[in-house]
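Chain naming here is simple, since letters A, B, ... match the order of the sequence lines and numbering starts at 1 in each.
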Amino acid sequence: MLDMEKEEMSADLKTPADSFIFNIGLADAIRLTMFGTLISVSRFVFQLPIGMPGHTSVYWMGLLMLGKGLIPKFGAGTIMGIVSGVLAIVFGLGKEGPLLAFKCIVPGVLLDILAILFLNKLESIWVGVIIGALLSWSKLLTSIALGVILDIPVVFLAVGFGYAALLHVIFGAAGGVLAAMLIKRLKPRLASSWQT
Amino acid sequence: MTVNKRIIAGILLLILIVGGSYFFEQITKAQGSRNGRLVPVIQHDETTAYLDAGVIRQLGRQEQEMNKDAGETGDNGDNEVSLGFVLGSAGVAGYQYIEVSGAGDSEDIKLGPRDIGGIVLSSNSNSTFAMADKAGGNRVIIKEVAKIYVAD
């Protein structure tokens with residue numbers, strides 16, 4: 001029994017990079033961390049004063065889907081969500097304080113589930129439209145849920161919800177389309193060089 | 001199920017989500033207006049602002065600070081704000097009269113620009129707010145305000 005444990009431990013030590021987290025290797029985990037960082041950085045670099053709710057979804061959901069499309073493993077979305085959520089708190093983005101992390105983690109987790117439902121075909125434009133829009137809407141829904149947790153009256157949260165939902169869906173879909181196009185072009189080129 | 005079928009189901013879901021969001025907004029707003037928790041200020045048949053008990057408390061604090069800065073004492077309580085200050089904050093000016101409706105069967109009250117001097121709005125404990133006449137011994141005119149209509 002002890003010998004078996006020792007053998008298992010030595011096998012783990014020989015290949016520590018093969019299954020770093022969620023059965024994802026260390027190299028892929030680092031790449032996903034890079035995508036998570038890009039999401040947070042893009043959010044405060046490209047935030048435009050255009051007064052349209054959800055416009056950040058274009059690059060937020062775009063990068064999230066691009067990361068998942070290039071590293072199609074379960075848990076990839078969650079890792080990017082956690083990294084971008086932690087960084088969003090560190091950068092002081094948003095008005096929700098530490099609860100802001102949920103706004104990043106929820107779309108990440110949902111992406112992992114939706115990718116399975118759509119058979120990981122994230123390079124398809126229509127799949128990109130649907131997943132991008134759903135992720136963006138889940139972000140809006142999380143904001144509403146956080147508002148309820150923070151004791152903001154539901155009636156006030158509901159004002160403009162329809163318009164915000166429509167814009168979130170449109171911008172999320174746009175991000176999904178961009179991601180699908182990039183995945184289609186990048187995936188064959190990276191397949192040979194990236195360890196999967 | 002093939003990917004194409006899943007895509008069709010996904011698009012239908014998106015349509016449902018957007019439609020459902022608008023429906024949820026309308027239902028919540030209508031419910032909020034009915035029970036006096038979300039009070040619309042209507043001018044030119046358009047809603048120019050929404051008020052609730054939280055906004056009334058916040059405006060009350062702002063008015064007190066402004067009075068303090070101006071060296072005036074101001075006799076409004078902690079959860080009270082003058083109607084004139086609220087209308088000014090909502091961008092309402094140059095009106096002929098305002099018509100304030102209450103939740104339930106209470107009567108509508110018409111007030112001209114000269115009548116609103118002593119009128120205050122004060123927040124209730126159930127997320128609604130009342131209208132009272134400060135000049136008339138703090139008499140409550142409307143227990144739960146539901147709508148403020150501004151006539152030019």
In Å and rounded to the nearest 0.5 Å, what is the CE to CD1 distance from A/Met61 to A/Ile39?
8.0 Å
Go through the steps for A/Phe161 and A/Leu157 under the test side-chain contact (heavy atoms from CB on, under 4.5 Å), then give the verdict.
CA-CA 7 Å; A/Phe161 182 63; A/Leu157 292 169; over 6 Å; no
Could you go through the side-chain contact (heavy atoms from CB on, under 4.5 Å) check for B/Leu83 and B/Leu111 one step at a time?
CA-CA 11 Å; B/Leu83 182 59; B/Leu111 297 162; 3.9 Å; yes
Quick one: donor-acceptor pairs between chain B and chain A, under 3.5 Å, side chains and backbone, table format.
residue	atom	partner	partner atom	Å
B/Arg6	NH1	A/Leu117	O	2.4
B/Ser21	OG	A/Trp137	NE1	3.4
B/Glu25	OE1	A/Phe161	N	3.3
B/Glu25	OE1	A/Gly162	N	2.8
B/Glu25	OE2	A/Gly160	N	2.9

Taken to the nearest 0.5 Å, the spacing of B/Leu38 CG from A/Phe156 CZ works out to 5.5 Å
For B/Ile27, is it the side chain, the backbone, both, or neither that has a heavy atom closer than 4.5 Å to a heavy atom of chain A?
neither
To the nearest 0.5 Å, how far apart are CD1 in B/Ile116 and CZ in B/Phe85?
12.5 Å
Does any heavy atom of chain B fall under 4.5 Å from the side chain of A/Val169, the backbone, both, or neither of them?
side chain
Does atom CZ of A/Phe102 have more than 12 heavy-atom neighbours, drawn from other residues, nucleotides or ligands, at distances under 6.0 Å?
no
Interatomic distance, A/Phe118 atom CZ to A/Ile131 atom CD1 [nearest 0.5 angstrom]:
5.5 Å
Out of curiosity, A/Ile144 CD1 to A/Ile149 CD1, how far, rounded to the nearest 0.5 Å?
12.0 Å
Measuring heavy-atom distances to chain A, does B/Leu51 have an atom under 4.5 Å in its side chain, in its backbone, in both, or in neither?
backbone
Under 4.5 Å from any heavy atom of chain A, what part of B/Leu14 do you find: side chain, backbone, both or neither?
side chain
Under a 4.5 Å heavy-atom cutoff, which of A/Leu114, A/Val129, A/Leu134 has the most pairs with chain B?
A/Leu134
